[in-house]
J.: 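Provided herewith is a single structure, encoded as structure tokens, for subsequent inquiry.
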Amino acid sequence: MSKMNMSFKKRCFGAVALLLAIILADCGKLVWIQIVKADEYRLSAEGQQLSDTQTPAARGIIYDANMEILAESADAWLVFVNPSKIKDDAMRQKIASGLSKILDDEDLDYDTIYKKIGNKGINYVEIKGELDFETKEKISEFIDGDYAEGKPEFYDIVVINSDTTRYYPYSNFASSVIGAIKSDDTGRSGLELMYDDILTGIPGRTITARDATGNLIKSNYSEEFPGVDGTNLVLTIDKTVQHYLEKGLSEAVTVNKAASAYGIVMDVDTGAVLAMATMPDYDLNNSAVIKDKRTLKELAKIKDPEKYSAAYNTAVYNMWRNKAISDTYEPGSVFKIFVAAAGLEEGVVDANFTNTCTGAIQVADNLVRCHDHAGHGTVDMSRALMKSCNPYFITVGQRLGVDKFLKYFEAFGFADATGVDLPGEAKPVEGVTYHSYETMGLPQLSSESFGQSFQISAMQMITAVSAIANGGKLMEPYVVSKQMDANGNTVFEKEVKVKRQVISETTAEQVLSMMEQVVGSDEGTGRNARVDGYRVAGKTGTSEKLTKDGEYIASFVGCAPANDPEIAVLIVIDEPQVANHGGGAIAAPVAGAVIEQTLRYMNVEPIYTAEQLQKLDQTTPEVKNLSVSAAIDALESKDFTARVVGNGDTVVAQFPAQGQSIPAEGVVILYTDTNGKNTTAAVPKLTGMSVSEANKLAINSGFNIRVTGPSEYEGVISYSQSITEGTKAELGTTITVNFKTNTGVQDD
């Protein structure tokens, strides 16, 4: 074979080999593209050909116990910009200018928006969400602008999407329980945070085709995949009971010039929280705005902008704080009921055990004084609770000893978090919030026996008191009773949980009976919580704050009706700035009012004494169309006072009308001409007075007065009224005036 043929064959072989190599490479690439990387390239192609937009799901509704809506999501809109579609700087300027004017938000001025939409390498920049309909319509008009090539000026550049906004119909109502949300619609505090995972729904999707240049094709292909709305919560919180508690706490802060006040109302048999509040509160619809005047006054003293900003943020976080579960405090004398229960249960004392109080007791090297330095004399357990005698309960604590004392401290739940379904619950720490076995000597045991030198939360306190009220069972507290899907189907229902039997029913009944004497006896420190028609059991407490010298915490805890308890109420007032700052003087009256209103709302039938019956409201008779003299006679025969308005001889109208209830010996306004009807007058100041003084002033001013509180005691004084002084009100209107005594109710 010639050299030429050999060379030709080699060239042919090489060409074939090269061709085969190219074919194999192409096949390999096809395998790589179509098999190995198929999913990746398919998704990439779809991403270029399809627009995949997420549509928000509605956040779950929060209901109260009676299915009243407390929080819900409403339709809203979100505006975003696609910087990659912005043609030039002139368009960028026009978009920034137009949106900043429409949104009118100091955080979204022209410069801010101009900067946000400057990166042409991205196709999505959210400008603002939760837009209302009016704002959305203005942006739609802006997008239309000057039509170019048959389409809106900013089509596919400035885009509006569906969004949702969280709405709280009652603004401040139960704010520390419900909690705030963040700008991204996720929970920040309270139930909104605790149940964020289930309140948040599953977003939907809208998929729309794009053309070769990446623009949306309006009428070609579009498919929607609906989202799933979040789970709804039904609370144990009762809107009416919550209102009573919030009103009482708000008034307590104002009257006592306190830093704050917080409280809980609980169903003693189940652990269900019927109401929980912290005052001052905040508007859930504007959760970053501070309205408390005391806080704003302190912030105004800070002149440095950076320090002011930091202090403001700290104040906002404190405002969100649910003090009823997150804060701890020294309970003071309230704790004596648990020492009594432990002593009785262990048999180291009985109810007849007596001790002589001389005003102080020697504990190791320290002389521990009773709040009554003169001493209470010889007292049994019931009188020791009524008088809140420190030496008596120090003696009981010492008889228990460290082991048994700590046994019941733990059994009543003071060494553990309660497990309530709210975030931020304070967790007890052995050796920090309370003394451990190793660090508890005689001085520590003695001080803890009358409620000092350790800290607990309000939630721990009310669950422990409920255990005494319900026959000795420690319940697990809860706020959410059930969860429902968007169709109203129940997907979860809370089961009542008994943690343990702490004390026997017999012991519980004994302590409860003694607590009733604290309120019902003329010598009890809790008599400001007395309620006509209902038997109330309770205990007062006052403690000096460990963190602030000279500042106090006043508290009262009680349950009712004492013969068959249904509810427990705890009131805590933090840093009151009044002379009489004890729990018996300022917390007990609030608790009494909440108990009375709640029991009436729950249709618990009151049982009155003969004396109380005489003070009940009376029904006004019909005196319209009678002569003035006959009308006066008819009213006076029923012990009412008449006040005539006008110069006529015949009564043409009366207020209150026939059949209305007004306080006994109240005033009825008689109008003798139509011109005088609905005459109003300024409500007088009715505080700082005795019952007789307030009643006389009210009647002389043409108003009725309803007295609440222990009005039968000498030295009682009015401290608040239901209608503010100076308010114009119709003559004959009934004003509720609250009274209390400051005598013999000290326990600090």
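Not measured: the values here are computed from a predicted model.
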J.: Do any N or O atoms from the side chain of Asp267 and from the backbone of Gly271 form a donor-acceptor pair under 3.5 angstrom?
T.: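 Such a contact is absent between Asp267 side chain and Gly271 backbone.
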J.: Is any side-chain heavy atom of Ser690 closer than 4.5 Å to one of Phe739?
T.: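 Phe739 does not reach Ser690 side chain to side chain.
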J.: Between Ser287 and Leu284 (side chain of the first, backbone of the second, donor and acceptor by atom type, cut-off under 3.5 Å), is there such a pair?
T.: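 Answer holds: no.
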J.: Do side-chain atoms of Asn256 reach the backbone of Ala258 as a donor and acceptor pair under 3.5 angstrom?
T.: no
J.: Do Arg535 and Glu516 meet the salt-bridge criterion of a basic N to acidic O distance under 4.0 Å?
T.: yes
J.: Would a distance-only check, ignoring hydrogens and angles, find a side-chain to backbone donor-acceptor pair under 3.5 Å from Glu544 to Gly550?
T.: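 Checking the backbone N and O of Gly550 against the side chain of Glu544, a donor-acceptor pair under 3.5 Å is found.
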J.: Quiz question: by atom type and distance under 3.5 Å, do the side chains of Glu551 and Gln577 form a donor-acceptor pair?
T.: yes
J.: Nearest 0.5 Å please: distance from the CG atom of Leu70 over to the CD1 atom of Ile62.
T.: 7.5 Å
J.: Run Ile468 and Met515 through side chain to side chain contact (heavy atoms under 4.5 Å, CB included) and show every step you take.
T.: CA-CA 10 Å; Ile468 291 175; Met515 290 171 63; 4.2 Å; yes
J.: Check the side chains of Thr620 and Gln658 for a donor-acceptor pair under 3.5 angstrom, ignoring hydrogens and angles.
T.: no
J.: For the atom pair CZ (Phe655) and CG (Leu731), what is the distance rounded to the nearest 0.5 Å?
T.: 9.0 Å
J.: Out of Ile567, Val273, Val465, Thr236, which residue meets the side chain to side chain contact (heavy atoms under 4.5 Å, CB included) rule with Met266?
T.: Val273
J.: Out of curiosity, Asp281 CG to Phe173 CZ, how far, rounded to the nearest 0.5 Å?
T.: 10.5 Å
J.: Do the side chains of Lys323 and Asp574 get close enough for a salt bridge, i.e. N-O under 4.0 angstrom?
T.: no
J.: Please report the C-alpha distance between Ser718 and Thr687 in whole Å, then the side-chain angles of each, then the deciding distance to 0.1 Å, and finally whether the side chain to side chain donor-acceptor pair (under 3.5 Å) criterion is met.
T.: CA-CA 5 Å; Ser718 54; Thr687 56; 5.5 Å; no
J.: Nearest heavy-atom pair of Gln242 and Ala277: which atoms, and what distance?
T.: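 The answer is NE2-CB, 3.7 Å.
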J.: Is a side-chain donor or acceptor of Arg643 paired with a backbone partner of Val667 at a separation under 3.5 angstrom?
T.: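 Flag not set: sc Arg643 to bb Val667 has no pair under 3.5 Å.
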J.: Kindly check if the number of other-residue, nucleotide or ligand heavy atoms within 6.0 Å of NZ (Lys615) is above 12?
T.: yes
J.: Are Ile669 and Thr679 packed together at the side-chain level, in the sense that at least one heavy-atom pair is separated by less than 4.5 angstrom?
T.: no
J.: Can you check side chain to side chain contact (heavy atoms under 4.5 Å, CB included) on Leu670 and Val645, steps first, answer last?
T.: CA-CA 6 Å; Leu670 305 179; Val645 176; over 6 Å; no
J.: Begin with the C-alpha distance, continue with both residues' side-chain angles, and end with the deciding distance and a verdict on side chain to side chain contact (heavy atoms under 4.5 Å, CB included) for Arg530 and Val536.
T.: CA-CA 6 Å; Arg530 188 177 298 180; Val536 178; over 6 Å; no
J.: With no hydrogens and no angle check, is any side-chain donor or acceptor of Thr733 less than 3.5 Å from a backbone partner on Glu730?
T.: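 Here the side-chain-to-backbone pair exists.
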J.: Just checking, any donor-acceptor pair under 3.5 angstrom between side chains of Lys336 and Ser333?
T.: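 Lys336 vs Ser333: donor-acceptor pair found between side chains.
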J.: What is the minimum heavy-atom distance between Ala324 and Thr278, and which atoms define it?
T.: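 The pair with the smallest heavy-atom distance is N-OG1, 4.1 Å.
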J.: Could you pull out the closest heavy-atom pair between Ile705 and Ala698, with the gap in Å?
T.: CB-CB, 4.1 Å
J.: Measure the acute angle between the ring planes of His581 and Tyr552, then classify it against the limits of 30° and 60° as parallel, tilted or perpendicular.
T.: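 Parallel: the ring planes of His581 and Tyr552 meet at under 30°.
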J.: Would you check if there is a donor-acceptor pair between the side chains of Thr619 and Lys638 at a distance under 3.5 Å?
T.: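 Absent: no donor and acceptor within the cut-off.
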J.: Does Lys545 form a salt bridge (charged side-chain N to carboxylate O under 4.0 Å, His left out) with Glu330? I'd like the steps, not just the answer.
T.: CA-CA 7 Å; Lys545 297 184 74 170; Glu330 282 192 296; over 6 Å; no
J.: The test is salt bridge (charged side-chain N to carboxylate O under 4.0 Å, His left out); show your working for Glu596 and Arg600 and say whether it passes.
T.: CA-CA 6 Å; Glu596 178 179 18; Arg600 289 187 183 280; 3.5 Å; yes
J.: Without swapping roles, check the side chain of Thr741 against the backbone of Thr743 for a donor-acceptor pair under 3.5 Å.
T.: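 Pair found, side chain donor or acceptor close to backbone of Thr743.
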J.: Check whether any side-chain heavy atom of Ile290 lies under 4.5 Å from a side-chain heavy atom of Met319, and answer yes or no.
T.: yes
J.: Check step by step if side chain to side chain contact (heavy atoms under 4.5 Å, CB included) holds for Val479 and Leu191.
T.: CA-CA 9 Å; Val479 176; Leu191 290 167; 4.1 Å; yes
J.: Would you say Thr680's side chain and Lys728's backbone share a donor-acceptor pair under 3.5 angstrom?
T.: no
J.: Quick one: does any side-chain atom of Asn528 pair with a main-chain N or O of Gly584 as donor and acceptor, under 3.5 Å?
T.: yes
J.: Does the side chain of Gln618 reach to within under 4.5 Å of the side chain of Glu665, using non-hydrogen atoms?
T.: no
J.: So does Arg166 pair up with Glu192, basic N to acidic O under 4.0 Å?
T.: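 Yes.
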J.: Is there a side-chain contact between Thr240 and Gln597, using heavy atoms and a 4.5 Å cut-off?
T.: no
J.: Hey, is Asp617 close enough to Arg706 for a salt bridge, meaning N to O under 4.0 Å?
T.: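 A salt bridge links Asp617 with Arg706.
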J.: Are more than 12 heavy atoms from other residues, nucleotides or ligands located less than 6.0 Å from atom CD1 of Ile607?
T.: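 Atom CD1 in Ile607 is not packed in, count stays at 12 or less.
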J.: Regarding Asp238 and Tyr601, do their side chains bring together a donor and an acceptor under 3.5 Å, going by distance alone?
T.: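 There is such a pair between these side chains.
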J.: Counting distance only, does the side-chain N/O of Tyr63 pair as donor-acceptor with the main-chain N or O of Leu235 below 3.5 Å?
T.: no
J.: Could you check whether any side-chain heavy atom of Thr672 comes within less than 4.5 Å of a side-chain heavy atom of Val652, counting everything from C-beta outward?
T.: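 No, their side chains stay 4.5 Å or more apart.
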J.: So which atom in Lys539 and which in Ser388 form the shortest heavy-atom distance, rounded to 0.1 Å?
T.: NZ-OG, 3.0 Å
J.: Between Ile699 and Asn704, is any pair of side-chain heavy atoms under 4.5 Å apart?
T.: yes
J.: Are Ile586 and Phe556 side-chain neighbours, meaning at least one heavy-atom pair lies under 4.5 Å?
T.: no
J.: At what distance, to the nearest 0.5 angstrom, does CD of Glu106 lie from CG of Asp104?
T.: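 If we round to the nearest 0.5 Å, Glu106:CD and Asp104:CG are 9.5 Å apart.
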J.: With Lys239 as the cation and Tyr170 as the aromatic partner, state whether NZ or CZ is under 6.0 Å from the six-membered ring centre and within 45° of the axis.
T.: yes
J.: Among Leu274, Ile595, Val590, find the residue that satisfies the side chain to side chain contact (heavy atoms under 4.5 Å, CB included) test when tested with Val569.
T.: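 Passing option: Ile595.
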J.: Please name the pair of heavy atoms, one in Pro331 and one in Gly451, separated by the smallest distance, quoted to 0.1 Å.
T.: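 Shortest heavy-atom separation between Pro331 and Gly451 comes out as CD-O, 3.6 Å.
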J.: Does a donor on one side chain sit under 3.5 Å from an acceptor on the other, for Ser627 and Thr650?
T.: no
J.: Working to the nearest 0.5 angstrom, can you tell me the gap between Ser457 OG and Tyr329 OH?
T.: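 Result: 7.5 Å between the selected atoms.
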J.: Quick check: closest heavy atoms across Ala585 and Asn742, and the distance to 0.1 Å?
T.: CB-OD1, 3.7 Å
J.: Output the distance between atom CE (Met276) and atom CG (Leu570), rounded to the nearest 0.5 Å.
T.: 10.0 Å
J.: Is there a donor-acceptor contact under 3.5 Å linking the side chains of Asn738 and Thr708?
T.: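 Present: a donor and an acceptor within the cut-off.
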